[in-house]
Number of protein chains: 4
Amino acid sequence: MAKSKEDVVQEFRVQSIQEAAIRVIARKGMASATMQEIAEEAGVAKGTIYLYFRDRDELVEKTFETAIGELHKRIDAALESDGPFAQRLRAVITAKLAFFNENREFFRLYHTLRMPEGSATQQRRQKRTCQPQYRARVDRLAAHLKSAMDAGEVRPLDPKRLALCLIETSTAIVLERLSEDAPPPESDDVELIVSTLLSGIAAK
Amino acid sequence: MAKSKEDVVQEFRVQSIQEAAIRVIARKGMASATMQEIAEEAGVAKGTIYLYFRDRDELVEKTFETAIGELHKRIDAALESDGPFAQRLRAVITAKLAFFNENREFFRLYHTLRMPEGSATQQRRQKRTCQPQYRARVDRLAAHLKSAMDAGEVRPLDPKRLALCLIETSTAIVLERLSEDAPPPESDDVELIVSTLLSGIAAK
Amino acid sequence: MAKSKEDVVQEFRVQSIQEAAIRVIARKGMASATMQEIAEEAGVAKGTIYLYFRDRDELVEKTFETAIGELHKRIDAALESDGPFAQRLRAVITAKLAFFNENREFFRLYHTLRMPEGSATQQRRQKRTCQPQYRARVDRLAAHLKSAMDAGEVRPLDPKRLALCLIETSTAIVLERLSEDAPPPESDDVELIVSTLLSGIAAK
Amino acid sequence: MAKSKEDVVQEFRVQSIQEAAIRVIARKGMASATMQEIAEEAGVAKGTIYLYFRDRDELVEKTFETAIGELHKRIDAALESDGPFAQRLRAVITAKLAFFNENREFFRLYHTLRMPEGSATQQRRQKRTCQPQYRARVDRLAAHLKSAMDAGEVRPLDPKRLALCLIETSTAIVLERLSEDAPPPESDDVELIVSTLLSGIAAK
DNA sequence: CATGAATGAGAATTCATTCAT
DNA sequence: AATGAATGAATTCTCATTCAT
């Protein structure tokens, strides 16, 4: 039951186009990324994109989902590993930094889609995909925080807001690292985040 | 040296247009906010906008700067007040939450501009304004953190990264509050952020 | 309460564009008449058309209605004049031939719209405008035929089908005249149609 | 001299495609009937159509000719039968109504092509085929009318214009019947047309 | 100064046609 | 012969910007 040659080609095209989309969006920004340029970047004709994606919105949406899926897979693996909370937290942050280091160009797409933009249609789509995606991530992380609180590993605080802080703190560091010519070793930043979060910044 | 009548009218126009821009961008998103709609919202003709702003980009840029300036003024006041670091930190967070509560519509503009978008020209402009603005904020906060470290109020960590974490954590909470129908009292969220930052989340 | 200058200009533009549309459709056919070419023909920019008409469909629809309205006005006047039925019939046919002689270019638009074409949207529009227009004409003529029957001027036959025959017979002659380099005098064709309809073609 | 298997297949393909074209055009209208949909309807691949027809225009043209040929065969048979003119006329009208009743879907193609549409190329093609086809029909019918006049069966009138009236009258009735849910018996409409044409509509 | 009609560059999308398999 | 993925010309529509009034 191996994949037929057609399936392989199909998959390859879809992937090429999505990668091109990410690169172009990274370069030009969501609003200025044209189908023409994405097509050129992918090395196909404009019309070809429409063989694989209904329209621009679907291309962006599917591209986002594909890329974010990979990130989520990695984070979930880290989150659900065994060990004390501190260790799992460290693994999650490490995974996130590593992912965006490997997929630097994806970050702009990721960031742009955090805020609903554009036409009513697009906003509906946004609500359907990116927002829920994000909420789901927050909720999942919040659940783990709750467990850690119940286990006495984390002091009792609003888990959902804590999750937000955690996510955005690491995102901020990712964004910073991406803009740096020579960022410090990943592990330094991981340590900073984990340590700050766990122990706070106040001198003892 | 009173303002001439012309200056007053000029100032009024500029302000009307900028406020209209913020409202329309909040409503439609950066990409779908048209000059036409901004003009209507401001109660002037499309052409009039061009008497006060070179082009759309400059309108957005100046609007951003005006609005963000107010925020920065408030934050700086909090930051430079007397008292222990913890108290100043609390004041800063409080100021930020209050500002965005009063200027909810500005938030989308603020968020959108965090990531450079659009044409090469726009990107250059972005780099000239928003990015440096942001860097400057980070640096200023970092300087205060450094002082607090030197004063033994904060344990020694990279001040710049700490500043980033602080800024983004509070931004995340703002974003969350804006999307909530009935957000908790501001003071609760301020307390959460300050407490987490200072003492960390680990159970003792 | 004279028309303001703006109204005059507006009316002039609308009329120019509609006339251009009719000419281009006459030249290229409905399907090949592009907005670009209509704009050029009207001596305005593409975008200008969209200031006066929502989209291509509305342009065609409104253009059709404007032009057909004039024809209908003339036919109704003829139909509702006094005198014996034969005389009114003659007047109607005369009006129709004269109208299409004066508005030769409109004929292709008229003919094309007799049959629903194109997208689902367009078909709905068609049903809303052209079809009912046509049915209404048929019904009105049928009513007059019925009166003539009741008055003993016309022998009893299905008035609606008779109306159809009458309309299409004259349309056929119009179409023929338009394709002729030197058509016979209008009165000859009017006479032929009226005489055939009233007395038939059979030798006595 | 039996047909080779290849010829049979070829013929079958051509026929399938033409029938599909007629159905799709009937459904979507000439302008919205795509090669893709015709191919699907015919159960072949898009490319296959191009093995049998040079391009879309030729497909439409040949399809029209094939279908109209059948109608013409039937009409000619009726026209050239023996018997008095009135009887032959009745037979012609009957044949036409029956044909379009059996080939309802063909009617839209027939009607659309009555007026030249599309590109210059297509218009030339149109002039080469549909127009001459139509003229030929008119001329042939006119010749028969002339004979009938010479034989004293029909009173002297312009035979060509009479032919036009006859053709369009019956076409109008066909169009009407196709749009009716429950049209009257064919014979009723035939009788109406024949009677009107022969004897006129005036009360004696 | 203010206006808003006019402009036209530019973007998304469609679809007839080609051609490698 | 048949296929259908790929192509890109062509089309519609939008909107920032200009400029005559």
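In 5' to 3' order, the nucleotides of DNA chain F bounding all contacts with chain A (an atom under 4.0 Å from a heavy atom) are F:dA5 to F:dA10.
Contact annotation: the side chain of D:Leu113 never approaches that of D:Tyr134 to less than 4.5 Å [non-hydrogen atoms, C-beta and beyond]. In this structure, C:Leu59 and C:Asp55 have side chains that are not in contact, with every pair of non-hydrogen atoms separated by 4.5 Å or more. Using a 4.5 Å heavy-atom threshold, the side chains of D:Val14 and D:Phe53 count as touching. Residues C:Tyr50 and C:Met35 meet the side-chain proximity criterion, which asks for heavy atoms closer than 4.5 Å. The shortest side-chain heavy-atom distance between B:Arg56 and B:Glu61 does not fall under the 4.5 Å cut-off.
Atom CD1 in A:Ile49 sits roughly 10 Å away from atom P in E:dT13 (whole-Å rounding). Regarding A:Phe53, its CZ atom lies at a distance of 15 Å from the P atom of E:dA12, rounded to whole Å. In this structure, B:Leu51 places its CG atom 9 Å from P of E:dT3, rounding to the nearest Å.
In this structure B:Thr34 satisfies the side chain to side chain donor-acceptor pair (under 3.5 Å) test with no other residue, sequence neighbours excluded. Scanning for side chain to side chain donor-acceptor pair (under 3.5 Å) contacts around B:Gln15 gives B:Glu19, with sequence neighbours left out. Residues satisfying the ring pair (Phe, Tyr, Trp, His ring centres under 6.0 Å) criterion with A:Phe107, sequence neighbours excluded, are A:Phe100, A:Tyr110. In this structure B:Thr66 satisfies the side chain to side chain donor-acceptor pair (under 3.5 Å) test together with B:Gln18, sequence neighbours excluded.
D:Met30 and D:Val60 make their closest contact through CE-CG1, 4.0 Å (heavy atoms, listed as atom of the first residue, atom of the second, distance). Closest approach of A:Ile38 to A:Ile17, counting heavy atoms only: CG2-O, 4.1 Å. Looking at every heavy atom in both residues, D:Ala42 comes nearest to D:Ser16 through CB-O, 3.9 Å.
When each of D:Tyr52 and A:Gly43 is assigned the nucleotide of DNA chain F bearing its nearest heavy atom, the one mapping closer to the 5' terminus is D:Tyr52. Between A:Arg13 and D:Arg13, the residue anchored nearer the 5' end of DNA chain F, judged by the nucleotide with its closest heavy atom, is D:Arg13. Taking for each of C:Val9 and B:Val44 the nucleotide of DNA chain E with the nearest heavy atom, the 5'-most of the two is the partner of B:Val44.
For DNA chain E, no neighbouring residue in residues 15-25 of chain B is found when judged by any heavy atom under 4.0 Å.
Pairs of Watson-Crick or G-U wobble type, with distances under 3.5 Å, assemble into runs of 3 or more in DNA chain F at these ranges: E:2-21 with F:2-21.
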Sort me out a list of protein N/O and nucleotides 14-16 of chain E N/O pairs below 3.5 Å, or just none if empty.
unit_1 : atom_1 : unit_2  : atom_2 : d
E:dA16 : OP2    : D:Met35 : N      : 2.8

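Residue pairs that meet the salt bridge (charged side-chain N to carboxylate O under 4.0 Å, His left out) test with at least one member in residues 31-52 of chain B, sequence neighbours left out, are B:Arg23-B:Glu41, B:Arg27-B:Glu37, B:Arg27-B:Glu41, B:Lys28-B:Glu37.
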